[in-house]
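Worksheet: one structure, shown below.
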Amino acid sequence: MNALFHDPSAALVVDGRIVAAAEEERFSRRKHGKRPVPFAAWELPEQAMAWCLEEAGLRPEELDAVAYSFDPALAKPAEDMGLDDPWDQLRRLYAERAPEFIATALPGLDREQVRFVPHHVAHAASAALAAPVAADGRPCSVLVLDGRGEQASHLAGRYHHGTLEVLAAQGLPESLGLLYESLTEHLGFLRSSDEFKVMALASYGKPAHLDQFRELVRTTGDGGFVATIPDWSQWAPRRAPGETSWPQAYADLACTVQTRLEEVLVELARWLHEQTGDRTLALAGGVALNCVANSRIWRETPFERVWVQPASGDAGTALGAALQLASEGGQLPEPFTTAALGRGWSDDELAAALRRAAVSFTTPRDLAGEVADILAADGVIAWFDGRSEFGPRALGHRSLLAHPGRAANLERLNDVKGREQFRPVAPMVLAEKATEIFDDGPLPSPYMLFVHRVAPAWRDRIPAVVHVDGTARIQTIDDETTPHIAALLRAFEQRTGLPVVINTSLNTAGRPMVDTPREALELFGSSPVDALVLGPHLVRRAAFTEGA
């Protein structure tokens, strides 16, 4: 489990196989589960833990181990690490007492079964032990970057036959994650939550202060770095939350920091390759959710393959901690093949939910065709199918879908979700058609963790998914992992000539992604969405009734 900082989560691994993984926010409906403050460090992902056991039909006493993704024995007082966090001792105290808290939350569990896994080791395991090469025991380099762990903000290493060799670690207070978090807060966004907004805003600016930041933020030649947090107001005044205007100075500052982050990550990855010579690099930590930086690592380093854990943030450390203990116990984990590791409902259960809500619905023989008709007529679809995704990306299980050929749909979807208008939406594309439309990024790209350049001939055909810089954060779709979405894309292509649809997460701003049928119905009832798909069932607005 992950519990200490933010994004509390639980995952279950049985005989090296990932059985279940879910974030507590999907149950509690609190975005990120809790704020990353010491006073909340005692809170456990109790609902996610209970569901994982229920999903596998297990009792707490049947667990061989419970992995907690933080080791308090490695932690230092905040002041000794140069951090301004006067209540951090509470966080360390709660971590030390975690076995007692966990045994209370899971009656029947022996507290001696709780094992501490270092935070960055849990991150590293979530990527390298889940990467496709792990199943064969082949070597895999791993790079972890986030805000902070016990006493570091970074790990560079290598897994071989399930064993980690740490090659470098950067001690606090130097932290690329904390640097980006600080900028996020200065720009008026929610720290440890809205960093992706800074990445989006950066595309609207120029790296006007890059020379200065190359002095402030730099690698040190030994696998580490310096990341000095400056007084941001020398470039742009602190922006109050809720301000609606975006002077160019803010975009330029975001672009400067984003650009320098990319450069430093490339340098760190090159250093790691010099040490290992491996073909594959696995990435984890919150910084690994920066898909623009990931793409530069893929393009500009000698690694032939870059694999990013879809739940790269702290939620993924629950999975990584379990995989690490499994590996230490001699079980080489099976590779990660899908992010659909959360809750799901049977077709009959979904129909029962619709009947309880007294909602009229159909169960079409050709669901893909009927939904494609609605999309082609410029309807917006709330799509709920299969098990929910683990991690922050909607990957065709809890998604909002729309026509990419209508430029106005970008603004429309941002209005539906209550988001800033500079935020992009992403395209889903059939894997076999991706090379025609997108390049300059790894393909296939099933987890929406890289950006690709949109071919010039397609930019006017799918304008809603083309970001201001001519790129798109794509998800490739295939019949094996997402068969229902693949069928929909083929039906949509037959009607429009476009093997692409808009995909954004099924939620509104500030709320977790929809996870249950009830939540899907609530969103459908309160948002200007034209149709709702619940598994094989279809609910239409009056304007999109059959024959209308």
Quiz item: Are Gln258 and Asn290 close enough that a side-chain donor and a side-chain acceptor fall under 3.5 Å?
Solution: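 Result is yes, a qualifying pair exists.
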
Give the minimum heavy-atom separation between [X] and [Y], together with the two atoms involved.
X	Y	value
Leu534	Pro517	CD2-CA, 4.3 Å
Leu498	Phe492	O-CD2, 3.3 Å
Pro230	Leu216	CB-CD1, 4.0 Å
Ser295	Val451	OG-N, 2.8 Å
Asp469	Ser203	OD2-OG, 3.3 Å
Leu183	Ala254	CD2-CA, 4.2 Å

Does the [X] side chain pair with the main chain of [Y], one donor and one acceptor, at a distance under 3.5 Å?
X	Y	answer
Glu24	Gln47	yes
Gln248	Tyr204	yes
Arg299	Gly441	no
Arg343	Arg26	yes
Lys417	Asn507	yes
Glu43	Ala3	no
Trp383	Gly396	yes
Arg238	Trp232	no
His6	Ser193	no
Arg296	Val292	no

Let me confirm one number: the [atom1]-[atom2] distance from [X] to [Y], rounded to the nearest 0.5 Å.
X	Y	atom1	atom2	result
Gln309	Phe336	CD	CZ	5.0 Å
Leu187	Glu185	CG	CD	10.5 Å
Ser175	Asp146	OG	CG	6.5 Å
Leu401	Met428	CG	CE	6.0 Å
Thr184	Glu181	OG1	CD	7.0 Å
Glu522	Thr508	CD	OG1	10.5 Å

Exercise. Keeping to residues at least two apart or across chains, list the side chain to side chain donor-acceptor pair (under 3.5 Å) pairs with something in residues 395-404.
Key: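 Sorted pair list: Ser399-Asn503.
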
Exercise. Sort and list the pairs that fulfil side chain to side chain donor-acceptor pair (under 3.5 Å) and have at least one residue in residues 485-494, not counting sequence neighbours.
Key: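 Every pair satisfying side chain to side chain donor-acceptor pair (under 3.5 Å) with a residue in residues 485-494: Glu432-Arg490, Lys433-Glu493, Asp479-Arg490.
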
Practice problem: Take Val266 and Glu262 through the side chain to side chain contact (heavy atoms under 4.5 Å, CB included) test and state the conclusion after the steps. | Solution: CA-CA 6 Å; Val266 167; Glu262 296 165 19; 5.6 Å; no

Practice problem: Under the side chain to side chain contact (heavy atoms under 4.5 Å, CB included) rule, what do Val533 and Ile381 come out as? Steps first, then yes or no, please. | Solution: CA-CA 7 Å; Val533 172; Ile381 304 290; 4.0 Å; yes

Quiz item: Can you list the steps and then say if Leu268 with Leu145 is a side chain to side chain contact (heavy atoms under 4.5 Å, CB included)?
Solution: CA-CA 10 Å; Leu268 292 173; Leu145 293 125; 4.0 Å; yes

Quiz item: Would Thr317 and His123 satisfy side-chain hydrogen bond (donor to acceptor under 3.5 Å, both in side chains), going step by step from the backbone distance to the final call?
Solution: CA-CA 5 Å; Thr317 64; His123 268 309; 5.6 Å; no

Quiz item: Given Arg270 and Glu267, is the salt bridge (charged side-chain N to carboxylate O under 4.0 Å, His left out) satisfied, shown in steps?
Solution: CA-CA 5 Å; Arg270 286 174 175 166; Glu267 291 176 25; over 6 Å; no

[X] versus [Y]: any side-chain heavy-atom pair under 4.5 Å?
X	Y	result
Pro207	Arg260	no
Phe390	Ser9	yes
Thr482	Asp385	no
Cys255	Thr259	yes
Val380	Val416	no
Phe361	Leu532	no
Val198	Val257	no
Gln421	Asp415	yes

Quiz prompt | CA sep, side-chain torsions, deciding dist, call: Glu370, Arg540, side chain to side chain contact (heavy atoms under 4.5 Å, CB included) | solution = CA-CA 10 Å; Glu370 292 198 20; Arg540 297 169 176 262; 2.7 Å; yes

Quiz item: Aromatic rings His452 and Phe438: how do their planes relate, parallel, tilted or perpendicular, breaks at 30° and 60°?
Solution: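 Correct class here is perpendicular.
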
Quiz item: In terms of ring plane angle, is the pair Trp345 and Phe384 parallel, tilted or perpendicular, where the classes change at 30° and 60°?
Solution: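 Answer is tilted, since the angle falls between 30° and 60°.
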
With a sphere of 6.0 Å drawn around [atom1] of [X], does it hold more than 12 non-hydrogen atoms of other residues, nucleotides or ligands?
X	atom1	result
Asp231	CG	yes
Glu480	CD	no
Arg518	CZ	no
Arg239	CZ	yes

Self-check item: Axial cation check for Phe524 ring with Arg541, 6.0 Å and 45° limits
Solution: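 Arg541 over Phe524 ring: yes.
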
Quiz item: Is the Phe422-His467 ring centre distance short of 6.0 angstrom?
Solution: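 Not under 6.0 Å, so no.
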
Quiz item: Does Asp252 come within less than 4.0 Å of Lys206, counting only side-chain N to carboxylate O?
Solution: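 A salt bridge is absent here (no side-chain N lies under 4.0 Å from a carboxylate O).
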
